[in-house]
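Data block below; observations after.
Predicted, not measured: the structure shown is a model, and the values here were computed from it.
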Amino acid sequence: MLSRSRPLATSALLAVAASAALAGAPATLTVKILSLNDFHGQLESPGSFRARATDAAVPAGGADVLAGYVAAARAANPNTVVVSAGDLIGASPLVSALFHDEPTIEVMNRIGLDFNAVGNHEFDDGKVELRRMQRGGCHPTDTVNSCRGAEVGTPVPFEGARFGFLAANVVQRRNGETLFPPYGVKTFDADGRPLRMAFIGMTLKETPQIVSPAGIKGLAFTDEAQAVNALVPRLRAAGIEAIVVMIHQGGVQTGTTADINGCEGGLAGSPIKPIVAALDGAVDLVLTGHTHAAYNCQLPLASGRLVPVTSANAIGRVLTEIDVTLDRRSGDVTAVSALNKVVDRSNPAIVPNAQVAAITSAYKAIAAPVANQVIGAITRDVPNTKDAACNMPAGDLVADAQLAATAAPELGGAQLALMNPGGVRTPGFLYAGSGVGEGDGNVTYGEAFTVQPFGNGLVTLTLSSQQLKDTLEQQFPNCFGQTSFARVLLPSNGVRYEWDHTQACGAKVRNLSVQLPGGAVTVVDAAGTVLEPSRAWRVTVNNFLADGGDAFTVLKGGTDRLGGGQDIDALVSYMARFRAPNPPYDPGAAHLGKPRIVRLDTGTSCP
């Protein structure tokens, strides 16, 4: 009897001691969450940034200083969690993209990232490559630019992510299981009592419309709010009361103050707002991304309770710092306080991480011979900004390059090219280049790669005049399967058309013509009528568009497809025409004095 009673007595004593310790401890525990989103492999500082329109700009970003901010937060509060709301990789600068984004994963491992909610750009190279990012190992085909750890001070083979990829709404059709875990859990010690917090990761539901279908074959992207709500009972059954949602979807502020901690307009009209409004009342915090905006909002859940909804701009310029107060007895969240902070490289209190800086520098040195090659020159900036009609100078240049690469009969016989605006990345082509004081108009391979980082292949296909017109009609919000955003395609030179946003879907495009060697051919007249519906046109697009990306499903019906080279190679080849001693590229001359797209209604900005 005594031998049996002693363990019971010991357990009782321990329980009493733990209860006494808890009774003497503070009633709450503070957990700090550091959140970023849309990092896009931006290992180096992208330049200066300002927290408000009235503030002075400061040098911002860079993985080494980002690591310094994380280290400072952890030193102040060991109960710190670092998370990403998606697009950690993909559409990255050359220093990461050339090496298949292995550098970004390695750097984030050393920064101490805990979880990444998978974004749409994580799927740029398909689900198999994304799994390699998590698990590690060398690239299956590129033996030159993968597993370079011996030269930069990281393990060989590539170590993979030491943090968790999360994707609660990405389901494998063959078995109904999620591609990655739906959530991760962090446990904190509250004087001997574990407190747990769940982090649910959500991918953009519209991902199938903006990545190559081949790379996500067999996957279903389900409703974000429904996926979260289905997990809440499961988490509560496990005794978890603190629930954070990280979702790769977002919104934008209205107004002009540009305060990174503002919430002008309450994100009205943004896709994230109805998602938050449908979330279970158990959710305590929503961390968002995708729109590359900064905001710090309080929005209502389905229950009407307000919760913080935040976003940290993009490319490492801003970090959201959130203090979450937990009740030590129940594990419930009793308070949440969020603040967006610029990752200020001039902050004297922050010590840059030397190891992260060394890894970045080493990769940059390996990439330098490729990045520094001068491929051509420009007379002035060729930005990726749009006018009211949605013309984009950088997009015009890219479309012209793709037409030139596929115009020869043996290369496709293209008569025109169309480029998706989302594939032309910031900042376009700048006369000053990326180097301080460069100012010579030269365009390097590295700068071109920044504009065209996806490695898409070119596809030349045949469309009828009716299909060509239908494709252009499909550019506008909510028209024929298009999303709520306009995606006005950028045409190659010789293509001219007008559009009127006040007209109904199917009747917006007018006066479409294509310049051929024998003269201009009118495809659609001023009334919107297709003149020769069955006439065939050879059209070049990238493989993303050809497979129906950005909701351009009409292009999937194109026939006689012929694959071509990569988009970046077409751009490099085209820019050689404008390399010394040849005259530089003049964006004004490329338009021949006329805009390619003309807007007929009175709208003042690209919708």
Side-chain angles (χ1 to χ4, degrees), residues 141-142 144 212-215 370 373 375-376 394-420 423-424 443 445 448-449 451-472 489-497 512-523 532-550 552 554-579 582-583 585 589-590 592 596:
T141 59
D142 187 354
V144 174
S212 174
V370 175
Q373 293 177 30
I375 63 170
D396 293 344
L397 172 53
V398 170
D400 290 348
Q402 295 184 359
L403 175 60
T406 55
E410 67 275 14
L411 298 177
Q415 297 163 301
L416 66 145
L418 298 171
M419 179 62 195
N420 55 306
V424 186
V443 176
Y445 182 89
F449 191 92
V451 180
Q452 286 275 270
F454 297 105
N456 286 324
L458 301 184
V459 178
T460 304
L461 45 82
T462 297
L463 296 178
S464 68
S465 290
Q466 186 64 57
Q467 287 175 310
L468 182 56
K469 202 255 189 181
D470 290 346
T471 296
L472 297 182
L489 298 171
L490 307 164
S492 55
N493 208 357
V495 178
R496 301 270 188 272
Y497 71 92
L512 169 62
S513 65
V514 179
Q515 183 71 41
L516 296 179
V521 175
T522 299
V523 182
E532 298 177 82
S534 61
R535 179 168 180 160
W537 295 93
R538 294 292 284 166
V539 182
T540 292
V541 293
N542 57 44
N543 62 281
F544 165 69
L545 282 174
D547 291 338
D550 274 353
F552 283 101
V554 174
L555 292 173
K556 294 173 69 175
T559 60
D560 299 322
R561 295 185 174 211
L562 180 65
Q566 286 198 326
D567 49 12
I568 183 63
D569 294 335
L571 180 58
V572 170
S573 177
Y574 186 70
M575 286 304 297
R577 304 180 181 191
F578 308 102
R579 188 172 59 221
N582 298 326
Y585 175 84
L592 299 179
R596 302 180 186 186

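In terms of heavy-atom proximity, Leu458 sits nearest to Gln402 at CD2-CD, 3.6 Å. For the pair Met419 and Ala399, the tightest heavy-atom approach, listed with the atom from each and the gap, is CB-CB, 4.3 Å. Taking both residues in full, the closest heavy atoms of Ala448 and Ile375 are given as CB-CD1, 3.6 Å, listed atom of the first, atom of the second, then distance. Here the closest heavy-atom approach between residue Ser212 and residue Phe544 is recorded as N-CD1, 3.9 Å. Here the closest non-hydrogen pair linking Val370 and Tyr445 is O-CB, 3.2 Å.
Listed by chain and number, the residues in a side-chain hydrogen bond (donor to acceptor under 3.5 Å, both in side chains) with Asp142 are His100, Asn145 (sequence neighbours excluded). Not a single ring pair (Phe, Tyr, Trp, His ring centres under 6.0 Å) links Phe449 to another residue, sequence neighbours left out. Contacts of Arg535 classified as salt bridge (charged side-chain N to carboxylate O under 4.0 Å, His left out), with partners at least two apart in sequence or in another chain: Glu532. For Thr559, the side-chain hydrogen bond (donor to acceptor under 3.5 Å, both in side chains) criterion is met by no residue, not counting sequence neighbours. Shown here are the side-chain hydrogen bond (donor to acceptor under 3.5 Å, both in side chains) partners of Thr460, two or more places apart in sequence or in another chain: Thr540. Applying the ring pair (Phe, Tyr, Trp, His ring centres under 6.0 Å) test to Phe454 and every residue at least two apart in sequence or in another chain returns His121. When the salt bridge (charged side-chain N to carboxylate O under 4.0 Å, His left out) test is applied to Asp400, the partners found at least two apart in sequence or on another chain are Arg596. Residues that satisfy the side-chain hydrogen bond (donor to acceptor under 3.5 Å, both in side chains) test with Gln466, not counting sequence neighbours, are Asp470. In this view, Leu403 and Ala414, Ala417, Ser492 satisfy the side-chain contact (heavy atoms from CB on, under 4.5 Å) rule, not counting sequence neighbours.
Atom CG of Leu472 and atom OH of Tyr497 lie 5.0 Å apart (nearest 0.5 Å). Rounding to the nearest 0.5 Å places CG of Leu562 at 10.0 Å from CG of Leu461. The line from NZ of Lys556 to CG of Leu545 is 12.5 Å long, rounded to the nearest 0.5 Å.
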query = After noting the C-alpha distance and the side-chain angles of Leu468 and Leu512, does the key distance pass the side chain to side chain contact (heavy atoms under 4.5 Å, CB included) rule?
reply = CA-CA 10 Å; Leu468 182 56; Leu512 169 62; 4.2 Å; yes
Trace of the side chain to side chain contact (heavy atoms under 4.5 Å, CB included) decision for Leu489 with Phe552 = CA-CA 10 Å; Leu489 298 171; Phe552 283 101; 3.6 Å; yes
task = I would like to know whether Lys469 and Val523 meet side chain to side chain contact (heavy atoms under 4.5 Å, CB included); could you show each step before the answer?
result = CA-CA 8 Å; Lys469 202 255 189 181; Val523 182; 5.6 Å; no
task = Please lay out, stage by stage, how Leu463 and Leu555 fare under the test side chain to side chain contact (heavy atoms under 4.5 Å, CB included).
result = CA-CA 8 Å; Leu463 296 178; Leu555 292 173; 3.7 Å; yes
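Remark: the backbone N or O of Gly423 is paired with a side-chain donor or acceptor of Gln452 at under 3.5 angstrom.
Pairs of residues two or more places apart, or lying in two chains, never qualify as salt bridge (Lys or Arg N to Asp or Glu O under 4.0 Å) while including a residue from residues 405-420. Applying the salt bridge (Lys or Arg N to Asp or Glu O under 4.0 Å) test to every pair with at least one member in residues 540-549, sequence neighbours left out, gives these pairs: Asp547-Arg561.
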Quiz: residues 565-575 side-chain donor-acceptor pairs under 3.5 angstrom, not counting sequence neighbours:
| residue | atom | partner | partner atom | Å |
| --- | --- | --- | --- | --- |
| Gln566 | NE2 | Gly455 | O | 3.3 |
| Asp567 | OD1 | Asn456 | N | 3.4 |
| Asp567 | OD2 | Asn456 | N | 3.3 |

